Number of protein chains: 2
Amino acid sequence: MTAPTALFRALADRTRLRIVNLLARGSLCVCDLQQILGQPQSSVSRHLALLKSAGLVADRRDGLWVFYALTAWDTPLARGVLAALRDHLAGEADYRRDADALSRLRLRGACHLERRRRPASRPAPRRAPARLEA
Amino acid sequence: MTAPTALFRALADRTRLRIVNLLARGSLCVCDLQQILGQPQSSVSRHLALLKSAGLVADRRDGLWVFYALTAWDTPLARGVLAALRDHLAGEADYRRDADALSRLRLRGACHLERRRRPASRPAPRRAPARLEA
DNA sequence: CTATTATATCCGCATATCCGAATGTTGAGG
DNA sequence: CCTCAACATTCGGATATGCGGATATAATAG
């Protein structure tokens with residue numbers, strides 16, 4: 001269980017709030033997050049590492065991809081904060097735009113590059129991983 | 001209404017969490033906070049100014065004293081976050097110690113120096129101000 | 001007016017944070 | 001083995017933050 005200051009510090013950044021907002025819709029690989037956020041990959045990875053160290057997200061490797069998912073709904077503090085945050089962000093235009101971009105990306109197939117590397121020979125990475133416990 | 005990042009940034013500091021925890025028990029003047037926190041006055045004032053700019057507290061002057069009070073229960077995000085935070089801090093020993101110190105300080109008269117300056121001639125500053133709307 | 005008390009703000013200074021570019025690492029394919 | 005793609009980490013620099021001491025402001029008492 002992380003200290004409350006670590007939780008709030010992790011959420012005290014706009015890019016990380018955008019990530020949390022997106023992961024609230026289901027787990028995502030880094031490249032898709034990068035696509036939606038429009039930021040350099042090192043930045044996305046760094047923010048994800050910070051969220052992970054704060055206990056807010058967990059990562060799971062699947063081949064070349066690493067999928068991140070929200071994982072803090074089990075501690076009461078994080079659950080309360082994330083619930084309040086989710087309700088609030090639903091009313092903010094910027095975050096809604098991100099959610100829309102995610103929907104569009106999912107429609108034309110998540111992991112925007114996967115079709116280049118997986119010519120329909122393999123089941124392709126799962127979009128909604130069953131469980132995360134890291 | 002402050003941006004969510006400002007709210008979380010304001011809460012991403014241990015001293016400020018201690019202040020919020022204390023103010024959740026009612027409004028307090030700076031000198032009493034300083035007494036309980038055991039930190040230099042400039043530090044307490046600086047943290048209070050930051051909390052104020054984040055919209056979490058309001059100040060009200062009464063003679064020489066300035067009383068601070070939590071004031072963010074009106075926005076849904078802040079209310080949700082503060083509620084979750086209050087429940088969480090109730091279980092952390094350090095913050096409970098602060099609450100105990102506040103109780104003791106109230107027993108022997110809040111505003112620990114007031115009796116030196118108010119020899120029972122004036123009603124003395126109120127401990128629980130009726131309403132704050134800053 | 002002066003003195004005193006409470007609080008706010010300023011000043012360096014140390015440290016932390018954020019960023020993008022560059023480099024490392026890992027896993028799949030050939 | 002080598003190559004490539006996804007991701008992680010490191011690097012250097014700009015900016016932000018937290019801190020205590022010093023100083024400024026505000027209000028009250030005399």
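Since we're looking at a predicted model, the values are computed, not measured.
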Integer-rounded Å distance: C:dC18 P and A:Arg9 CZ: 6 Å

Length of the line joining A:Asp62:CG and D:dA6:P, which is rounded to integer Å: 13 Å

B:Phe8 and A:Leu17, any side-chain heavy atoms less than 4.5 Å apart: yes

Sugar-phosphate, base or nothing in reach of A:Arg16, heavy atoms under 4.0 Å: sugar-phosphate

Rounded distance (Å) that lies between atom P of C:dA8 and atom CD of B:Gln34: 11 Å

Residues forming a side-chain contact (heavy atoms from CB on, under 4.5 Å) with B:Arg96, sequence neighbours excluded: none

Length of the line joining A:Arg14:CZ and C:dT17:P, which is rounded to integer Å: 21 Å

Nucleotide D:dC4, atom P - distance to CG of A:Leu64 in whole Å: 14 Å

Partners meeting salt bridge (Lys or Arg N to Asp or Glu O under 4.0 Å) with B:Arg61 (sequence neighbours left out): none

Set of salt bridge (Lys or Arg N to Asp or Glu O under 4.0 Å) partners for A:Asp87, sequence neighbours left out: none

Residues forming a salt bridge (Lys or Arg N to Asp or Glu O under 4.0 Å) with A:Arg86, sequence neighbours excluded: none

A:Thr15, nearest nucleotide to its side chain (from C:dC19, C:dT9, D:dT9): C:dC19

Touch class at under 4.0 angstrom, heavy-atom based, for B:Leu50 against every strand present: sugar-phosphate

Under-4.0 Å side-chain N/O to phosphate OP1/OP2 contact, A:His47 with C:dC19: yes

Side-chain N,O (B:Tyr68) to OP1/OP2 (C:dA6) below 4.0 Å: no

Nearest-angstrom distance from the residue atom CG of B:Asp13 to P of D:dA16: 18 Å

Partner residues of A:Asp98 under the salt bridge (Lys or Arg N to Asp or Glu O under 4.0 Å) criterion, sequence neighbours left out: A:Arg18

Protein and nucleotides 21-23 of chain D: nitrogen or oxygen contacts under 3.5 angstrom:
unit_1: D:dG21; atom_1: O6; unit_2: B:Ser42; atom_2: OG; d: 3.3

Euclidean distance, atom CG of residue A:Leu48 to atom P of D:dT9 [Å, nearest integer]: 11 Å

Separation of C:dC18 P from A:Leu11 CG (nearest whole Å): 12 Å

Exam field: side chain A:Ser103 to backbone A:Ala99, donor-acceptor pair closer than 3.5 Å: yes

First encountered from the 5' end of DNA chain C, between B:Val66 and A:Gln39: B:Val66

